[in-house]
Protein chains: 2
Amino acid sequence: MLTDRQLLILQVIIDDFIRSAQPVGSRSLSKKNEIQYSSATVRNEMSDLEEMGFIEKTHTSSGRVPSEKGYRFYVDHLLSPQALKQQDISQIHSIFAERIFEMENIVQRSAKILSELTNYTSIVLGPNHHENRVKQIQVVPISEGTAIAIIVTDTGHVESRRFSFPKDIKADDIEKMVRILNERLVGTSLMDMHDRLYKEIAIILKKHIANYDLMLKAFAEIMNIPVHDKLFFGGKMNMLNQPEFSDIEKLRLLMDMIEREENLYKLIRPSDGSGIQVKIGKENEVIAMENCSLITATFPIAGGQKGSLAILGPTRMEYSRVISLLTILSTDLSKALSSLYDKPPES
Amino acid sequence: MLTDRQLLILQVIIDDFIRSAQPVGSRSLSKKNEIQYSSATVRNEMSDLEEMGFIEKTHTSSGRVPSEKGYRFYVDHLLSPQALKQQDISQIHSIFAERIFEMENIVQRSAKILSELTNYTSIVLGPNHHENRVKQIQVVPISEGTAIAIIVTDTGHVESRRFSFPKDIKADDIEKMVRILNERLVGTSLMDMHDRLYKEIAIILKKHIANYDLMLKAFAEIMNIPVHDKLFFGGKMNMLNQPEFSDIEKLRLLMDMIEREENLYKLIRPSDGSGIQVKIGKENEVIAMENCSLITATFPIAGGQKGSLAILGPTRMEYSRVISLLTILSTDLSKALSSLYDKPPES
DNA sequence: GTTAGCACTCTGTAACCTTGAGTGCTAAAT
DNA sequence: ATTTAGCACTCAAGGTTACAGAGTGCTAAC
């Protein structure tokens, strides 16, 4: 479809634009070493490329700018897997050098370093707790009528909630309930717990404990885990540095979306396959992200779960570099998070 | 020092500027109902006010704008305690209508509502966990060589950390240690725990447990609580709506500071007395906040602790309204957070 | 097929003018 | 002795014009 020369020119145009954020003209192209043709020849080719929809003019006599279709083609066919600086690589690995045991901590650090290395905004979706299995349930009384319920899962995740109960319930009864809960619920996933509480546990509690229904209700209510997992961000403000967001209105739209976190779940939800996924501009189907691209890396975690790493930047993004960084980091993260589980990571 | 008329004019100038963000001229002032003098008279008074440093011109023939000294005077002497809309008040109270038991939740909601009602950025410093006292310590083994340590405090706060230990340590020993820790440490504040672990507990463990030092070290290391308490934000992006931040450079400076949270602790740290404190512009001693005012409300929580609520806005802030809102919310928050403690709130 | 040359187009910038809001001062009015 | 009216002056903002620079498209020559 495209001649070699057209491929070359398209690539140089996009590379140049990504670097400079300025429309690229035929003359400046023909001056480059890679391109041995006169500006007139380049102009002809550019005209063709425009006709095919890969590049656009911002006005009748301006240089050309990549279109979304152009970026798409660039990402799919022209991406030269750019070598990262050794420094960047070791900086990523350094996160995992210390032996850290908190998932949140690891994930937060990953988000931070990613945003620092790219100057874009990073978004990390940690492992899903829904499928964690209950390891132990405990209740710690705090004062008369209130107590803290704690659930520890097999991944080491701790959920705790304060709850109150009628005063005529005795410490004895609470202990009895905790014993029953542990006997019956250990091994259940958090997701299924609510169901089992009401179906299976309710019947047993009924036999042993007066006022069991109040206790059960209090306990069940507090123990529904939030629907969404927590998102971790790095460099939320990095978009301020991008010239495409010097327009404060665009900025506000985007920041609003980031702040509300609403659409983000849909966008970042791990896709079917593992690996890298690139969404360019309107492909994201969110108005605020018209000028943005989102690169998502999905990686496996032990237990069949998946994690996601994403970089949000302008469509004029350093695709090659970002993809390399995401690839490395997602591999590291996959290992690190998996090691926090009982089971070894699936590959 | 100032005549009644000068007071009146100063007040009207500042009120008007807070509303419109536009320099105020003599003619538009003399047209107001409150002011019965001709523009020439007003001009003379304004000239005096400028000489005294309460107002400034942005250029030789512009209207006047309040200076920091002007705002200071306004806040100290001219603030008419503006009545809030009933709607606003009930919206604040509504946070506390449901009986919520999670401190974080309450605090986060407060931050959110405050930012929504004011259109500024809110910052809430939750209660300090350092002075919480240990209620119970537990250790839940996760896999061979790793376990979760959980500390529940008298306020219902739960700290948990994953830690690893040498494999030759038996489950027995761990249980023994947990029993000792509970016997000795319940009632100790988190702040003092580290010390007591090494001084008092070490000696006891030595007698009962082989390899006690490794265990102790693992446990002590993970249990230092972060130096700073968590800050909660609302409306981080609200500054985008303020005309004083249409300059993207100023915006970046400010956002950077907010994102890094660095200076904020100093600024928001509860002051000696309870009550409201207003810091205007350069009084904050942070470059990024030259154009900002920070209003902080410090309120007591049970157990002699203090919490802080703050609003960060442009110097051109609705001082009166913000102060009213903070007063109400801090009272509510004081009660609500105190009720989560054993002891009744100190007044 | 490639290139040189030229007319044409559009942006951005600087220079200029005009308008409107505001000031300060002076002299008249109260 | 205040207060006000009047007037000259200043400055920012907005509009117009002119112009340089970068770029294109087309045609004709290589």
Side-chain angles (χ1 to χ4, degrees), chain A residues 1-10 12-17 19-67 70 243-244 246-248, chain B residues 2-10 12-17 19-67 70 243-244 246-247:
Chain A
M1 193 76 168
L2 288 173
T3 68
D4 282 357
R5 193 165 68 192
Q6 285 172 330
L7 290 176
L8 175 67
I9 289 178
L10 181 57
V12 176
I13 289 175
I14 298 184
D15 282 338
D16 195 78
F17 183 72
R19 206 179 32 71
S20 70
Q22 297 297 326
V24 186
S26 56
R27 216 173 105 75
S28 70
L29 276 180
S30 77
K31 270 190 280 188
K32 302 217 173 218
N33 294 334
E34 303 100 297
I35 291 179
Q36 299 288 5
Y37 306 90
S38 75
S39 66
T41 309
V42 174
R43 263 204 298 286
N44 289 330
E45 298 289 27
M46 286 170 87
S47 180
D48 291 351
L49 286 170
E50 182 173 14
E51 209 171 334
M52 290 184 274
F54 294 114
I55 53 181
E56 307 172 330
K57 288 187 277 198
T58 58
H59 59 88
T60 34
S61 75
S62 74
R64 304 304 212 290
V65 156
S67 67
E244 21 274 285
S246 60
D247 174 7
I248 212 149
Chain B
L2 288 174
T3 67
D4 281 357
R5 193 165 67 191
Q6 285 172 330
L7 290 176
L8 175 66
I9 289 178
L10 181 57
V12 176
I13 289 175
I14 298 184
D15 283 338
D16 195 75
F17 183 72
R19 208 178 33 72
S20 70
Q22 296 299 325
V24 186
S26 58
R27 216 174 104 75
S28 69
L29 276 180
S30 77
K31 269 191 277 189
K32 301 215 175 219
N33 294 335
E34 303 100 298
I35 291 178
Q36 299 288 7
Y37 306 90
S38 75
S39 66
T41 309
V42 174
R43 261 201 300 287
N44 289 331
E45 298 288 26
M46 285 170 88
S47 180
D48 291 351
L49 286 171
E50 182 174 14
E51 211 171 334
M52 290 184 272
F54 293 115
I55 53 182
E56 309 172 329
K57 286 187 278 199
T58 59
H59 58 86
T60 34
S61 75
S62 73
R64 304 305 210 291
V65 156
S67 67
E244 20 273 285
S246 60
D247 176 6

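Letters A, B, ... are given to chains in the order of the sequence lines, protein chains preceding strands, and every chain is numbered from 1.
Partners of B:Thr41 by side-chain hydrogen bond (donor to acceptor under 3.5 Å, both in side chains), not counting sequence neighbours, listed by chain and number: B:Ser38. Scored by the salt bridge (Lys or Arg N to Asp or Glu O under 4.0 Å) test, A:Arg27 finds no partners at all (sequence neighbours excluded). Contacts of A:Val12 classified as side chain to side chain contact (heavy atoms under 4.5 Å, CB included), with partners at least two apart in sequence or in another chain: A:Leu8, A:Leu29, A:Lys32, A:Glu34, A:Ile35. Scored by the side-chain hydrogen bond (donor to acceptor under 3.5 Å, both in side chains) test, A:Glu56 finds no partners at all (sequence neighbours excluded). Listed by chain and number, the residues in a side-chain hydrogen bond (donor to acceptor under 3.5 Å, both in side chains) with B:Ser246 amount to none (sequence neighbours excluded).
If you take CZ of A:Arg5 and C1' of C:dG1, they are 8 Å apart, rounded to a whole angstrom. Taking atom CZ of residue A:Arg64 and atom C1' of nucleotide C:dT9, one finds them 13 Å apart after rounding to whole Å.
Listed by first and then second residue, the ring pair (Phe, Tyr, Trp, His ring centres under 6.0 Å) pairs involving residues 19-52 of chain A amount to none (not counting sequence neighbours).
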Donor-acceptor contacts, no H, no angles, side chain residues 47-55 of chain B, under 3.5 Å, sequence neighbours left out:
residue : atom : partner : partner atom : Å
B:Glu50 : OE1  : B:Arg64 : NE           : 3.1
B:Glu50 : OE1  : B:Arg64 : NH2          : 2.8

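Judged by closest nucleotide on DNA chain D, B:Thr58 is the one of B:Thr58 and A:Met46 placed further toward the 5' end.
Taking 4.0 Å as the cutoff to heavy atoms of chain B, we find the contact window on DNA chain D bounded by D:dT3 to D:dA12.
Using a distance-only test at 3.5 Å, with no hydrogens or angles considered, a donor-acceptor pair links the side chain of B:Gln6 to the main chain of B:Thr3.
Contact check of residues 26-44 of chain B against DNA chain C (heavy atom, cut-off under 4.0 Å) returns B:Ser26, B:Arg43.
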